[in-house]
Amino acid sequence: MTDSTLERRTASLRNASWDDIREIFSLAPDTIHLNTGTVGAMPYEVLDTLDQVTREWAGGLLDVYAPTMFTDYRATIGRALGADQDEIVICHNATEGIARVINGLDLHEGDEVVTTTHECYSVLSNFNLLRNRFGIKIKAVTPPTGYDVRAEDIVELVEAAVTPRTKVLAFAAITLFTGTAMPIRMLCDVAQRHGLITVVDGALLPGVLNRNLRSLGVDFMACSGSKFQCGPLGTGILYVRNKVNPEYNRLPLPVFWPIISTWYPMQGSPPPRTRTRVESDNIGDYLQSAGSANLARGAGLARASELWDEIGRDRIEARTMELADFARERLSQTFGEERIYSPSSDFRLRSPLVAFNPFRPSDAWNVKKFAALTARLADEYRVWIRWTEFNVPNSPHQHYAARFSGHIYNTDEEIDHAVRLIARIASAESGS
Ligand SMILES: Cc1ncc(COP(=O)(O)O)c(C=O)c1O
């Protein structure tokens, strides 16, 4: 694309209506996709990029190793997330990024990790692995759920779990089960007060919440590229703090072992980590260099990121939150605010995900109802949502919820239709 064509394109996507923007996505016809928290719909241009780059490299006559560093793509993605190329890694998904971070921490017997029971399995299973392997201790608090939860309720609960032995604070940017947008900056302030490393599961953040990762002050954030960022399946973005900007995080860079690396020196040690705003080494290169890679994946993810910049990340966040607020309103009118698990009145905790119980309160423990509801919606009505399960304070049993996660290709009408269908199915189930 020439510069002037790109400028025209950017201007047109920036001003395009949401109806027009919906047309750029390869959405299955006659479906309502309200499950972007699991996987986003890909733009046609991303599919084309995947195809084109795969063909370009399919002949076998080119050196596939050099481009696996994805240097330009990492810079493009980094710019969108407020980070530099040396702080960004393109990996396979959030799970892989999280595993590489957790297993790369310098933790020893008796060290403690504070986290929550609402973390994804990918976080909790990796910490449990370190517990079994090294004897670390995990303290997982259960965050409160419900319409009127406030950010301070969560921050105070987390801080109360910190002890002099705590080394790491781990939490999700947006929780998978109740769609709580965790107060990242407030939790990072807690971590910095106590000298803790922050590990953030950002699977659901990029592509929807327009955040500058460096200014959040986190040490590590592992993100998915295929959810709200709508990149190819099997893409993830890993952010690793690689310089000290005291206005965001004055703590020294943590000791970190970049596992799965063909760039880490074969003898001796890398240079000591910087204590200033200037990197002493490229930690991103260490992690990026991990043997042959699917080159089309990196190109596809970078293309998705550019498209988001063209549409406008601030605009995407505003639109997605507007849709979620509409969903919240319709769900509250239909089932009552008390059936909504996602914190809603405190705008700091709102995300595009809304989790709710459309059945009787006592059915919150009945997994069969939630599984049957999501299956019927998909099979009979081609409406795609998901159900989740999570701990609730003082409840002897996990609760289940139905979860909406809308994105810029959804409409109020789709949400309204889904709420009506769910109300109909739930009321038939309750026999009322
Ligand atoms: C909060 C959260 N963390 C991690 C994951 C795993 O993401 P990935 O499929 O990119 O590994 C998910 C998946 O839904 C998630 O929602």
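Both counts, for ligands and for their atoms, begin at 1 and track the order of listing.
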Enquirer: Is it true that, when you exclude E380 itself, more than 12 heavy atoms of the residues, nucleotides or ligands shown sit nearer than 6.0 Å to its CD?
Expert: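 Yes, the 6.0 Å shell around CD holds more than 12 heavy atoms from other groups.
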Enquirer: Please state which part of I174 comes within less than 4.0 Å of ligand 1, counting heavy atoms only: side chain, backbone, both or neither.
Expert: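 It is the backbone that touches ligand 1; the side chain stays farther off.
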Enquirer: For a salt bridge (charged side-chain N to carboxylate O under 4.0 Å, His left out) with R14, tell me which candidate from D20, D309, D314 qualifies.
Expert: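 Exactly one option meets the salt bridge (charged side-chain N to carboxylate O under 4.0 Å, His left out) with R14, and it is D314.
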Enquirer: With heavy-atom distances below 4.0 Å as the criterion, list the atoms of ligand 1 near G37.
Expert: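 Taking each heavy atom of G37 in turn, ligand 1 has 14 (O) under 4.0 Å.
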Enquirer: Side chains of T38 and N35: any donor to acceptor distance under 3.5 Å?
Expert: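 Looking only at side-chain atoms, T38 and N35 do form a donor-acceptor pair, the distance falling under 3.5 Å.
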Enquirer: For atom 10 (O) of ligand 1, what is the closest protein heavy atom, and at what distance to 0.1 Å?
Expert: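 Among all protein heavy atoms, the one nearest atom 10 (O) of ligand 1 is A94 N, 2.9 Å.
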Enquirer: Between T178 and T145, is any side-chain donor less than 3.5 angstrom from a side-chain acceptor?
Expert: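 No, T145 and T178 have no side-chain donor paired with an acceptor closer than 3.5 Å.
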Enquirer: Geometry only, no angles: is A203 polar-contacting ligand 1 at N/O separations under 3.5 Å?
Expert: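 No - when backbone and side-chain N and O of A203 are compared with those of ligand 1, no distance drops under 3.5 Å.
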Enquirer: Is it the case that R315 places NZ or CZ above or below the six-membered ring of W18, under 6.0 angstrom from the centre and within 45 degrees of the axis?
Expert: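 Yes, a cation-pi geometry.
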Enquirer: What is the closest protein heavy atom to atom 5 (C) of ligand 1, and at what distance does it sit?
Expert: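 Ranked first by proximity to atom 5 (C) of ligand 1 is C120 SG, 3.6 Å.
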Enquirer: One residue to check: K227. Relative to ligand 1, which of side chain, backbone, both or neither has a non-hydrogen atom less than 4.0 Å away?
Expert: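 Side chain only.
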Enquirer: May I ask you to identify, for T95, whether its side chain, its backbone, both or neither come under 4.0 Å of ligand 1 on a heavy-atom basis?
Expert: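 It is both parts that get close, each with some atom under 4.0 Å.
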Enquirer: Report the nearest protein non-hydrogen atom to atom 1 (C) of ligand 1: residue, atom name, distance rounded to 0.1 Å.
Expert: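 The closest heavy atom on the protein side is D201 OD2, 3.3 Å.
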Enquirer: Side chain, backbone, both or neither: which part of A172 has a heavy atom under 4.0 Å from ligand 1?
Expert: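 Under 4.0 Å from ligand 1, A172 contributes no heavy atoms.
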Enquirer: Among L205, L176, L353, which one puts a heavy atom closest to atom 16 (O) of ligand 1?
Expert: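 When every heavy atom of L205, L176, L353 is considered, L176 comes closest to atom 16 (O) of ligand 1.
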Enquirer: Quiz question: by atom type and distance under 3.5 Å, do the side chains of S345 and D148 form a donor-acceptor pair?
Expert: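 Looking only at side-chain atoms, D148 and S345 do form a donor-acceptor pair, the distance falling under 3.5 Å.
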Enquirer: N242 and side-chain hydrogen bond (donor to acceptor under 3.5 Å, both in side chains): which partner among E279, E87, R273?
Expert: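 Answer after filtering E279, E87, R273: R273.
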